[in-house]
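Residue numbers begin at 1 in each chain, while the letters A, B, ... track the order of the sequences. Because the structure is a prediction, the values reported are computed rather than measured.
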Amino acid sequence: MLIYNTLTRRKEEFKPLNPPNVTMYMCGPTVYDYFHIGNSRSFIMSDIVRRYLEYKGYKVKFVMNLTDIEDRIIKKSNEQQTTAEAISQFYIDAFFEDIEKLKVRKADFYPKATSHVEEMIELISDLERKGIAYNVDGDVFYNVKKFDGYGKLSGKKIDELEAGARVEVNEQKNSPLDFSLWKKAKPGEPSWDSPWGKGRPGWHIECSAMSTKHLGKTVDIHAGGNDLIFPHHENEIAQSEGVNENQFVKYWMHFGFLNIQNEKMSKSLGNFFTARDVLARHSAEAVRLFFSQTHYGGPLNFSDELLTSAQKGVDKIINLAERFEESIAKADENGIQPEFALKNFYNEFETVMDDDFNTPQAVAVIFDFVRAANKVIDENPNLTKSFLLELKNFLAKTAEDVLGVIHFADLRRDLHSSLDIDAINKMLEEREAAKKEKNYKLADEIRNKLNDLGLIIQDSKTGPTFKRK
RNA sequence: GGCGCUGUACCCAAGUGGCUUAAGGGGAAGCUCUGCAAAAGCUUUAUUCGUCGGUUCGAAUCCGACCGGCGCCUCCA
């Protein structure tokens, strides 16, 4: 399978270090606020990458960091007159709630920055010993010129960056490009003891330290949003490879932005919706299908209309899933087992996903399957149970397990929770009777009543069925 | 200024040299089924891929120029 590697700007054959094991590190949230729907794109797409690797038989160890010490957290804690810890814990809880609602699978481990200060100090000390880091009165900086490969990920050259001159001027730094490894404590800030005095770690150092500690010196995949390429990931490479001679990351993956009216959605521009706001209006499945319908690397515009269209697509898949559930319940092994190119659908799905996770084409394969499956059910009233189960399994393995755009367990729950099935069946029988007497007025009245209960009635050759609106 | 992404139907979007005289979803229109609906199926909806040139037997796909949109270079998924 091929993965586009930001480092080489090419699609490369994916060869993990120790197959079938795969190590994957994803840059997680800074927990100073609820995350927005743009952030969700990275979380969901990395989730899909991880799920597909598992589909392929890899054993993935997936680690996502939680940045729980950072300027914005400190600022908020001062504003609210509480501790940084209280702020970060509040938003960590919120993060897990939202991630669960988005049906993003939990990482194997969520290391917190504040639990790894010791490891970060060690790493900074190593850099200092090697003459790469320098201490200026309690602030420690990374000397960018001491690392030959600086700029290799983002394609930047040190000279040009300096010419750019948008870098903040800090008299203490040797060069404006040098970045903070350790920040000297200011009054009222949380701090830790270190060889350089009280202070707190810089932002970039945490990922180097935690990735190495939990996944080893070389990680197979390191992922994050496009905006992390520079400086964050560039600096991670400088830190980790400055200390360890071996390669820090084999495959760098970066996710495109979610835009609003062609502008990047971001907190600073104020043009964002939180994930929880969006999930109040749309299903997680619609959000996931919406993201899956475009390639992970490019930009994508967000709007409620687009999510509504995605929901229509989800409904189409759900409809088929419900047909499966109903027909499987009724079916046995006395029936027809027609020709069906199931193997081709699997092959197609894998071929396109193997090509750098081409989820839009994978979605297309699923919709092709939906049409073909509907057709075979239409044309054959008595299919065998095993045949139907095989078809259902395709949806379960692709649409559910990999893309997460449908969930069979939710279907059953939706149908059977908080509904008086007996009463509904009784109303349906009355309606059938009315229909037989051609008392359509009464039949429609009953249907309207069921509509008011939130049910959609569908007549079919085998009798009426119902589903939730 | 440097680096990178991007322009395909009414909307979203895949495809990066012949398998595609362009997938899939939404929308729209017609038909089948239906008491009517709904669902599903079938059919139709880009001779054309920002513009202009070039390379090639052959280009949406390669090259050049131009026009337009966006991002990073500062915290940001």
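Between the side chain of Arg41(A) and the backbone N or O of Gly256(A) there is at least one donor-acceptor pair closer than 3.5 Å. Judged purely by atom type and a 3.5 angstrom limit, Asn439(A) uses its side chain to pair as donor or acceptor with the backbone of Leu442(A). Between the side chain of Arg288(A) and the main chain of Lys103(A), a donor-acceptor pair closer than 3.5 Å is present. Although no hydrogens or angles enter the test, the distance criterion places a donor-acceptor pair under 3.5 Å between the side chain of Asn358(A) and the main chain of Gln361(A).
Toward the 5' end of RNA chain B, the nearer of the two residues Ser268(A) and Asn358(A), judged by each one's closest nucleotide, is Asn358(A).
Spacing between U51(B) and C67(B) at atom C1', rounded to whole Å, works out to 7 Å.
Side-chain atoms of Asp368(A) lie closest to G24(B) of the nucleotides G24(B), C75(B), G35(B). Distance from the side chain of Ala364(A) is smallest for G24(B) among the nucleotides G71(B), G24(B), G69(B).
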Q. Reading RNA chain B 5' to 3', how would its secondary structure be written in dot-bracket notation, given Watson-Crick and G-U pairs with both distances under 3.5 Å, brackets [ ] for crossing pairs and | for partners on other strands?
A. ((((((((.[[[..)..(.....]]]((((((.......))))))....[[[[[..)....]]]]])))))))....
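Between Phe43(A) and the choices Phe96(A), Phe95(A), Tyr296(A), Phe255(A), the ring pair (Phe, Tyr, Trp, His ring centres under 6.0 Å) rule is met once, by Phe95(A). For the salt bridge (charged side-chain N to carboxylate O under 4.0 Å, His left out) with Lys392(A), the lone residue among Glu326(A), Glu325(A), Glu322(A) that qualifies is Glu325(A).
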Q: Between protein and nucleotides 2-13 of chain B, map the contacts as a letter string: B base, S sugar-phosphate only, - none, heavy atoms under 4.0 Å, written 5' to 3'.
A: BSSS------SS
Q. What string of B, S and - do you get for nucleotides 38-44 of chain B 5' to 3' if you count protein non-hydrogen atoms under 4.0 Å?
A. BSSSS--
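Checked against the 6.0 Å centroid criterion, the rings of His233(A) and His204(A) do not qualify as a close aromatic pair.
The pair Lys435(A)-Glu432(A) meets the salt-bridge criterion, with a side-chain N (NZ, NE, NH1 or NH2) lying under 4.0 Å from an Asp/Glu carboxylate O.
Annotation: cation-pi pair Lys75(A)/Tyr32(A) absent, no NZ/CZ under 6.0 Å from the ring centroid and within 45° of its normal.
When the side-chain nitrogen and oxygen atoms of Lys435(A) are compared with OP1 and OP2 of C36(B), none of them lie within a distance under 4.0 Å.
Checked by distance alone, Asp444(A) brings a side-chain donor or acceptor within 3.5 Å of a matching partner on the base of G35(B).
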